[in-house]
*Asks:* 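Sending over a structure as structure tokens; questions will come in a sec.
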Amino acid sequence: MFPICKRLVRRDIHQNIKVIQRYTSFMKECQCRPQTDKHFSSYGNGMKEDEFPNEADVVIVGGGAVGSSIAYFLKKRDRSNLKVVVLERDLTYTRASTVLSNGGVRLQFSLPENILMSKFGSEFLQNVKENLTVENESPPEVNFQRHGYLFLATEESAETLINNHTVQRDCGVDIQLFSKKQLEEKFPWINTDGIELGASGGSSEGWFSPWCFLCALKTKAISLGVKYLKGEASAFKLKQDASPNSSEDRKINSVEVLLPNSDQVVPISCNTVVNAAGYNAGYITKLVTNELDDDTNVTPLPVEPRKRFAFSFHCVDGPPQTCPHLVDPSGVYFIPRTQKGMYMGGISPKSKEEEPSIEDLEVDYNWFDEKVWPKLAHRFPAFEALKMKCGWAGYYDFNTLDQNAIIGTHPIFSNLYFANGFSGHGIQQSTATGRAISELILDGTFKTIDLSRFSFNRIVENKPLFEKNIV
């Protein structure tokens, strides 16, 4: 443990540190200069009433990585005829989960669906210039650091790591296992006390700039004809022209959009609605189900915001900047940054009782002092001498049933699609989700990765699909 006086001094210092937003630090790190601003501001702000579209084929609620990926893949498939509108209430993304995330992509999951989705995400990032370059503009740079993840396991958890490894290899993913001796030889700065096994996905895993990725994704989507609108979905209207008890009665007819900084509401008629509203997805779904005027039993979407902290710190003699994203059996993790001696890390709550308040995005530095730093310094002794720089907080779109994505149609509203509940995996699975939702809308079925087990049916039937490798 650390001396009490040391902690008190550090807490006083923390009070004088300015907390910077996650996306700002990524902007500086990547030197990502958003020539995309000209596109982001072309819709919503200052838009005249007669310029606001009154109809669309697809309205996507939520313009983060998931919503933008869906828009991109829809327009990539159908560039001319399909009218796609993305509705985003904050085009600065100040509180958006996408830009406040760590930007990690890993292939080490236990469920084949999660493995294959992140595998596609990794491949997409590796070919991001080919995928997202816009004609007459510079190729995008997302700063994908392909140094891998390294999961450490104790004697008790080693069997789970081995079982996961078998599933991963069956999915065509090359995960390397390290014995305790191999870990000590390759990573001498790790305290392997209590560690029996390690696993790494090598260059297929790593981390990238969420902000630069979102900029590139939106710029490409807009170049394909997607319209981004600044506004908030305030209500949904259902079709009323079908016969009684017909399934046609259970379709959304339009989205009511509350314009920014006003009381004006503008309807957009549409054929399809996609809920990609992140941690606000439960509320959006409730707006739809509230339109029912009968006693239909409706299962709510079990997605709610959960607050997570991340901390940036400096350590003179810390692990090399080319080391992998380390995940300790305790749940604590750290990621090296590109600047020498800089790292970021954190830990998720172990129980609902530990969950921080979601009232705001204020950072609790005691969380680092009491839950993160001691575990970091035990496993990685050099971090005994680290110095805190800043911290930030963001929201998970937390699936309270099983912490896995919900992808597919609503069981009652046949033209309402879900892309929610990723519980921290959204940005790495965003492109696979975009492709999957586009397949459901345009083809009526999954064509690439079968994500049927991630449908809303498991929510209705209360049959959770648990992932064994949660960070």
Side-chain angles (χ1 to χ4, degrees), residues 21-44 60 62-77 79 84-88 90-94 96-105 117-146 204-230 276 278 337-338 394 419 422 425-438:
Q21 294 293 351
R22 184 72 193 102
Y23 72 87
T24 303
S25 64
F26 269 132
M27 284 278 288
K28 293 178 180 178
E29 179 178 295
C30 301
Q31 296 184 334
C32 175
R33 298 293 180 261
Q35 67 263 23
T36 46
D37 278 355
K38 64 188 178 185
H39 296 302
F40 291 2
S41 61
S42 61
Y43 303 107
I60 301 169
V66 173
S68 295
S69 291
I70 295 167
Y72 161 76
F73 277 99
L74 283 170
K75 288 301 292 181
K76 184 181 178 184
R77 288 273 307 271
R79 297 191 181 188
V84 178
V85 167
V86 177
L87 190 61
E88 172 56 50
D90 179 17
L91 289 174
T92 67
Y93 295 95
T94 305
S97 299
T98 292
V99 297
L100 294 172
S101 73
N102 295 336
V105 55
M117 289 178 75
S118 289
K119 181 174 182 286
F120 178 74
S122 173
E123 293 166 350
F124 191 94
L125 288 167
Q126 292 175 48
N127 297 286
V128 70
K129 289 183 170 67
E130 177 184 344
N131 291 324
L132 298 183
T133 295
V134 175
E135 187 176 358
N136 298 324
E137 293 198 16
S138 299
E141 177 54 68
V142 299
N143 198 30
F144 188 16
Q145 302 296 306
R146 298 169 60 186
S204 294
E205 299 179 318
W207 52 95
F208 59 97
S209 164
W211 175 251
C212 292
F213 175 65
L214 179 60
C215 286
L217 194 58
K218 288 188 63 173
T219 302
K220 183 65 174 180
I222 291 169
S223 75
L224 296 175
V226 175
K227 288 189 176 182
Y228 279 78
L229 306 178
K230 184 176 181 180
R337 311 309 299 157
T338 55
F422 295 92
H425 307 142
I427 193 164
Q428 65 179 296
Q429 297 183 341
S430 60
T431 50
T433 300
R435 184 177 65 173
I437 292 293
S438 72

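Source: prediction; values computed, not measured.
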*Asks:* How many angstroms lie between OH in Y93 and CG in L214, if you round to the nearest 0.5 Å?
*Replies:* 5.0 Å
*Asks:* Please test K76 against K220 for side-chain contact (heavy atoms from CB on, under 4.5 Å), starting from the C-alpha separation and ending with a verdict.
*Replies:* CA-CA 10 Å; K76 184 181 178 184; K220 183 65 174 180; over 6 Å; no
*Asks:* Quick one: pull up CD in E205 and CZ in R146 and give me the separation to the nearest 0.5 Å.
*Replies:* 11.5 Å
*Asks:* Which heavy-atom pair separates T431 from G121 by the least distance, and what is that distance?
*Replies:* OG1-CA, 3.5 Å
*Asks:* What are the two closest heavy atoms between L100 and G394, and how far apart are they?
*Replies:*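 Smallest heavy-atom distance, with atoms named: CD1-CA, 4.0 Å.
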*Asks:* Would Y228 and I222 count as a side-chain contact (heavy atoms from CB on, under 4.5 Å) if you check the C-alpha gap in whole Å, the side-chain angles of each, and the deciding distance to 0.1 Å?
*Replies:* CA-CA 8 Å; Y228 279 78; I222 291 169; 3.6 Å; yes
*Asks:* Quick one: ring-ring contact (aromatic ring centres under 6.0 Å, His included) partners of F124, sequence neighbours excluded?
*Replies:*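 In terms of ring-ring contact (aromatic ring centres under 6.0 Å, His included), with neighbours along the sequence ignored, F124 is linked to Y72.
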*Asks:* List the steps and the verdict of side-chain contact (heavy atoms from CB on, under 4.5 Å) for Q428 and F422.
*Replies:* CA-CA 10 Å; Q428 65 179 296; F422 295 92; over 6 Å; no
*Asks:* With no hydrogens and no angle check, do the side chains of E141 and N143 hold a donor and an acceptor under 3.5 Å apart?
*Replies:* no
*Asks:* Calculate, to the nearest 0.5 Å, the distance between atoms CH2 and CG belonging to W207 and L125 respectively.
*Replies:* 13.5 Å
*Asks:* Would you say E137 and T133 are linked by a side-chain donor-acceptor pair, where the criterion is simply a distance under 3.5 Å?
*Replies:* no
*Asks:* Is the backbone of A65 close enough, under 3.5 Å, to the side chain of T98 for a donor and an acceptor to pair up by distance?
*Replies:*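 Yes; judged by distance alone, with no hydrogens or angles, the pair exists.
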*Asks:* Where the side chain of S118 meets the backbone of Q429, is there a donor-acceptor pair that is under 3.5 Å apart?
*Replies:*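 No, S118 side chain to Q429 backbone: no donor-acceptor pair under 3.5 Å.
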*Asks:* According to the interplanar angle, ranging from 0 to 90°, do the rings of F120 and F73 count as parallel (below 30°), tilted (30 to 60°) or perpendicular (above 60°)?
*Replies:* tilted
*Asks:* With rounding to the nearest 0.5 angstrom, report the OG to CZ distance, S430 to R435.
*Replies:*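 Separation between the atoms: 12.0 Å.
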*Asks:* If you look at every heavy atom in A71 and I60, which pair is closest and at what distance?
*Replies:*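 What the structure gives for the nearest pair is N-CD1, 3.6 Å.
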*Asks:* Determine the minimum heavy-atom distance between L217 and S69, stating which atoms define it.
*Replies:*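 Looking at all heavy atoms of both residues, the closest pair is CD2-OG, 3.2 Å.
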*Asks:* Give a yes or no answer on whether the side chain of S122 reaches the backbone of S204 with a donor-acceptor pair at less than 3.5 Å.
*Replies:* yes
*Asks:* Which heavy atom in T433 sits nearest to a heavy atom in A419, and how many Å separate them?
*Replies:* CG2-CB, 3.8 Å
*Asks:* Which heavy atom of A276 sits nearest a heavy atom of V66, and at what distance?
*Replies:*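 For A276 versus V66, the nearest heavy atoms are CB-CG1, 4.1 Å.
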*Asks:* Once you round to the nearest 0.5 Å, how far does SG of C212 lie from CG of L132?
*Replies:*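 Interatomic distance, C212 SG to L132 CG, rounded to 0.5 Å: 12.0 Å.
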*Asks:* Give, for atom CG of L91 and atom CG of L229, the distance between the pair rounded to the nearest 0.5 Å.
*Replies:*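 Taking CG in L91 and CG in L229, the distance rounds to 8.5 Å.
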